[in-house]
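Below: one structure, written as structure tokens.
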Amino acid sequence: MNFFKAFHCEISSIVEKLSAAGKLPDGMDPSRLTCEPPRDASHGDVATNAAMVLCKQAKMKPRDLAELLAVEIAKIDHVTSVDVAGPGFINIRLAQEFWHAKLCDVLAAGTDWGNSDIGNGQTVNVEYVSANPTGPMHVGHGRGAVVGDALALLLAKAGYKVTKEYYINDAGAQVDVLARSAYLRYREAFGETIEIPEGLYPGDYLVPVGEKLKETFGDKWLNAEESDYLDEIKAFSINAMMDLIREDLAVLGVTHDVFSSEKELVENGGVDKAIAYLEERGLIYTGVLEPPKGKKPEDWEPRPQLLFKASEFGDDVDRPLKKSDGSGTYFASDIAYHFDKFQRGSDQLIDVMGADHGGYVKRMKAAVKAMSEGKAELDIKLAQMVNLMDNGEPVKMSKRAGTFITLREVINKVTKDVVRFIMLTRKNDAQLDFDFAKVTEQSKDNPVFYVQYAHARCHSVFRKADEEFADLDRTETALAKADLSLLNDESELTLMRLMAEWPRLIEAAAESHEPHRITYYLYDLASEFHSLWNKGTGDVSLRFLHADNLELTKARLALLKAVSLVIASGLLVLGVEPREELR
RNA sequence: GCGCCCAUAGCUCAGCUGGAUAGAGCAUCCGCCUUCUAAGCGGACGGUCGAGGGUUCGAAUCCUUCUGGGCGCGCCA
């Protein structure tokens, strides 16, 4: 439970009460009122801007209004002091018992601590990865995969009903290129020396596909016309590539609920249906586009095309739906695909894609707005580039020279947990340096290690406790009954406050679709924990285990248990496995 | 030419949807192990939040104009 919300309610009702009593005007609008942790912890535990946002309506000076509200706020349970500060902030301080009670809540909830109901069962569709089935995943895909997967887990924790989806682009020209490339490998499997022309895929991951083709079809296609073999070889190769990609995803711990095929969508008439739907609403016409200014394509010539009125929905220009050969553009099938997702029941759609698709955002949002008549909301998260580094030096990659590093190679080198965590140490739209040396280092420079180490340290104490206090009941329910009032060191209280904020963080991260906030929170929590740990080196009384004081030991173990649970809870959202031991 | 993203300490980055004296880590300097993991902790130093203007009780955050980077701009996806 996000306790800041509880305070928000309390204060709103205080405002109502004061209105009823004639001390404030009627009909005060508290919508801009917030309750937050103050920026500086020395200001208190909860701060509200109530007086500043309401002063105009109340026709009072902010500080006067603050004083009026403060008298009432002081009567709320567990409030020990209320101060008015700065331009009219009301700072609220809470009793230690409040934090001790929160600690019990954590122990009772376990890793479900932080679960929220703000999603209210709403359906969200998160589409991510959607890499073309033309080769193994690279690191950039990996980032999109992790961002999407963590976002989906986060939304689920916040009470949304989430569908995790992968869109297979198996209908365009790129898969034809794949088929031609695979065909060459097929000939190669018969001993022919081949040369891969410019424009085809040179990667040797297609060699086994060629051999499989030989096994499956024998020499059937060796002297055939392309029109005869293309479709079958294409289907075969796409399957092989999707198997490869699914394996990459599995190794990364990413799982999708639904795989949607563009080809099927086209063949089932989905695209025609979507176009017809837009046509009925007068949103489609045939017209000629202006050539793009500045960089003009060489072979540009004006041509009448089937266009969607994207400009009526916030896009800059109208967008083409048909290619000159009469087949649909990628945009056309993507409209149909989003239409399909909407009709399957999601009114919140999220796409995670590479930043190089940035130019696509406006038109897709326009299309969703048009198709759903404004009912569906589309958010597009762009995953920026990942720079592979080693010890500060960029890792040089070239597809031609065969020094291209795949996602799988990176995972094998550093483990999937490291990849997942590091991918979330930046906002999705900021570039990310992924340094092999740094991310595998066991030091505080490495955030993955730092957080895992905190978790492992908790468990190290548990192991020690099991040795020294063999008959102590270490279950959550038993520890919750300890005398928690013994936990009153400032570091201990800070830890409890941080853990109490976890539900609020989950809600904020979920609402803003920003899973990277989890990583930062975990880092802060780990840091506070390491700090407490080290206090024990100078001050023996702050160590966790005390042979001569069972009550204190139990209380400290309760705190440790809670810390390890909250870290585990956060790592779970990131899809990272909490480690109990690091050496 | 147009559109989107970015600009915060010497470096790499946070900044909770407009709040109080802008925060971490690295680097530099000074401290802390007879200890449940020193693989760690504490302190010091470090800022005209790219520049100017605007909106209001209040701006790193919103609007606008510049400057400097990245991406994109019909028949690729």
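Heavy-atom basis, side chains included; hydrogens, waters and symmetry copies ignored. Throughout, a chain's letter reflects where its sequence line sits, starting with A, and its residues are numbered from 1.
- Base orientation at B:C33 is syn, since its O4'-C1' glycosidic dihedral falls within 90° of 0.
- For the pair A:Y450 and B:C41, the criterion of a side-chain N or O lying under 4.0 Å from OP1 or OP2 is met.
- Dashed line: the shortest gap from a side-chain N or O of A:R39 to OP1 or OP2 of B:A20 is under 4.0 Å.
- Nucleic acid contact for A:K56: sugar-phosphate only, since backbone atoms but no base atoms lie under 4.0 Å from a heavy atom of the residue.
- Evaluation of A:Y520 against the base of B:A14 yields no stacking contact (centre distance < 5.5 Å, interplanar angle < 30° required).
- Computed from coordinates, the A:D445 CG to B:G25 C1' distance equals 8 Å when rounded to whole Å.
- Within the nucleic acid shown, A:G536 has no heavy atom closer than 4.0 Å to any nucleic acid atom.
- Proximity note for A:P37 (side chain, C-beta onward) versus B:C36, B:U35, B:C16: the nearest is B:C16.
- If you check distances only, the side chain of A:H357 does reach the base of B:A77 with a donor-acceptor pair under 3.5 Å.
- With its glycosidic angle within 90° of 0, B:U17 is assigned syn.
- Along RNA chain B, the nucleotide closest to A:Y453 and the one closest to A:P320 are compared, and the more 5′ of them pairs with A:Y453.
- Residues A:K323 and A:T329 have side chains that never bring a donor and an acceptor to within less than 3.5 angstrom of each other.
- Contact check, A:R457 against B:A38: a side-chain N or O comes under 4.0 Å of OP1 or OP2.
- Here A:S531 lies in heavy-atom contact (under 4.0 Å) with sugar-phosphate atoms only.
- Taking 4.0 angstrom as the limit, A:W533 places a side-chain polar atom (N or O) nearer than this to OP1 or OP2 of B:A38.
- No hydrogens or angles considered: a donor-acceptor pair under 3.5 Å links the side chains of A:E507 and A:S116.
- Counting non-hydrogen atoms under 4.0 angstrom, A:A456 reaches a base of the nucleic acid.
- In this structure, A:A85 reaches the bases: a heavy-atom distance under 4.0 Å links it to at least one base atom across the strands shown.
- A:Y360 and A:H357 have their aromatic ring centers separated by at least 6.0 angstrom.
- Nucleotide B:U55: unpaired (no Watson-Crick or G-U wobble partner with both distances less than 3.5 Å).
- Nucleotide B:C36 holds its C1' atom 13 Å from the CZ atom of A:R474, rounded to whole Å.
- A:E267 has a carboxylate O that lies under 4.0 Å from a charged side-chain N of A:K263, or vice versa, which qualifies the two as a salt bridge.
- Contact annotation for A:L289: no contact, since no heavy-atom pair falls under 4.0 Å across all strands.
- Mapping A:E581 and A:K362 onto RNA chain B by nearest heavy atom places A:K362 at the nucleotide closer to the 5' end.
- Applying the 4.0 Å criterion to OP1 and OP2 of B:U35, one finds that A:H546 has every side-chain N and O outside that range.
- B:C26 and B:G10 make up a base pair, with Watson-Crick or G-U wobble contacts both under 3.5 Å.
- Within 3.5 Å, a donor on the side chain of A:N91 pairs with an acceptor on the base of B:A20, or the reverse.
- Of the nucleotides present, B:G31 is the one that pairs with B:C41 by Watson-Crick or G-U wobble criteria, both distances under 3.5 Å.
- Under the 6.0 Å cut-off for aromatic ring centres, A:F529 and A:H455 do not qualify, their centroids lying 6.0 Å or more apart.
- Without hydrogens or angle criteria, A:D417 side chain to A:V576 main chain gives no donor-acceptor distance under 3.5 Å.
- No engagement by A:A465 is indicated, since no non-hydrogen atom pair under 4.0 Å with the nucleic acid exists.
- Within 4.0 Å (heavy atoms only), A:F331 reaches no atom of the nucleic acid at all.
- In this model, the phosphate group of B:G25 is not approached by any side-chain N or O of A:K438 to a distance below 4.0 Å at OP1 or OP2.
- Put simply, the residue from A:E127, A:E165, A:K341 that forms a side-chain hydrogen bond (donor to acceptor under 3.5 Å, both in side chains) with A:S260 is A:E165.
- Within the nucleic acid shown, A:E511 comes within 4.0 Å of at least one base atom, counting heavy atoms only.
- Within 4.0 Å (heavy atoms only), A:E301 reaches at least one base atom of the nucleic acid.
- Interface remark: the A:R463 side chain does not form any donor-acceptor pair with the B:C36 base, using a distance-only criterion of under 3.5 Å.
- A straight line from CZ of A:R319 to P of B:C73 spans 10 Å, rounded to a whole angstrom.
- Residue A:V175 is out of contact with every strand shown, counting any heavy-atom pair closer than 4.0 Å.
- Residue A:Y330 is classed as a base contact, given a heavy-atom separation below 4.0 Å to a base.
- Among the nucleotides B:C36, B:A24, B:A77, the one closest to the side chain of A:Y523 is B:A24.
- Judged by a 6.0 Å distance limit and a 45° cone about the ring axis, A:R504 is positioned over the six-membered ring of A:F4.
- Contact annotation for A:L505: no contact, since no heavy-atom pair falls under 4.0 Å across all strands.
- In the set B:C13, B:U17, B:G74, B:G74 carries the atom at the smallest distance from any side-chain atom of A:R303.
- Counting non-hydrogen atoms under 4.0 angstrom, A:K535 reaches nothing in the nucleic acid.
- The side chain of A:K61 places no N or O atom within less than 4.0 Å of a non-bridging phosphate oxygen (OP1 or OP2) of B:C57.
- A:E441 places its CD atom 11 Å from the C1' atom of B:C26, with the value rounded to the nearest Å.
- Ring pair A:F313/A:F308 is parallel by interplanar angle, where below 30° counts as parallel and above 60° as perpendicular.
- Phosphate proximity of B:A77 to A:K323: present, with a side-chain N or O under 4.0 Å from OP1 or OP2.
- The nucleotide B:C2 finds its pairing partner in B:G72, both defining distances of the Watson-Crick or G-U wobble pair being shorter than 3.5 Å.
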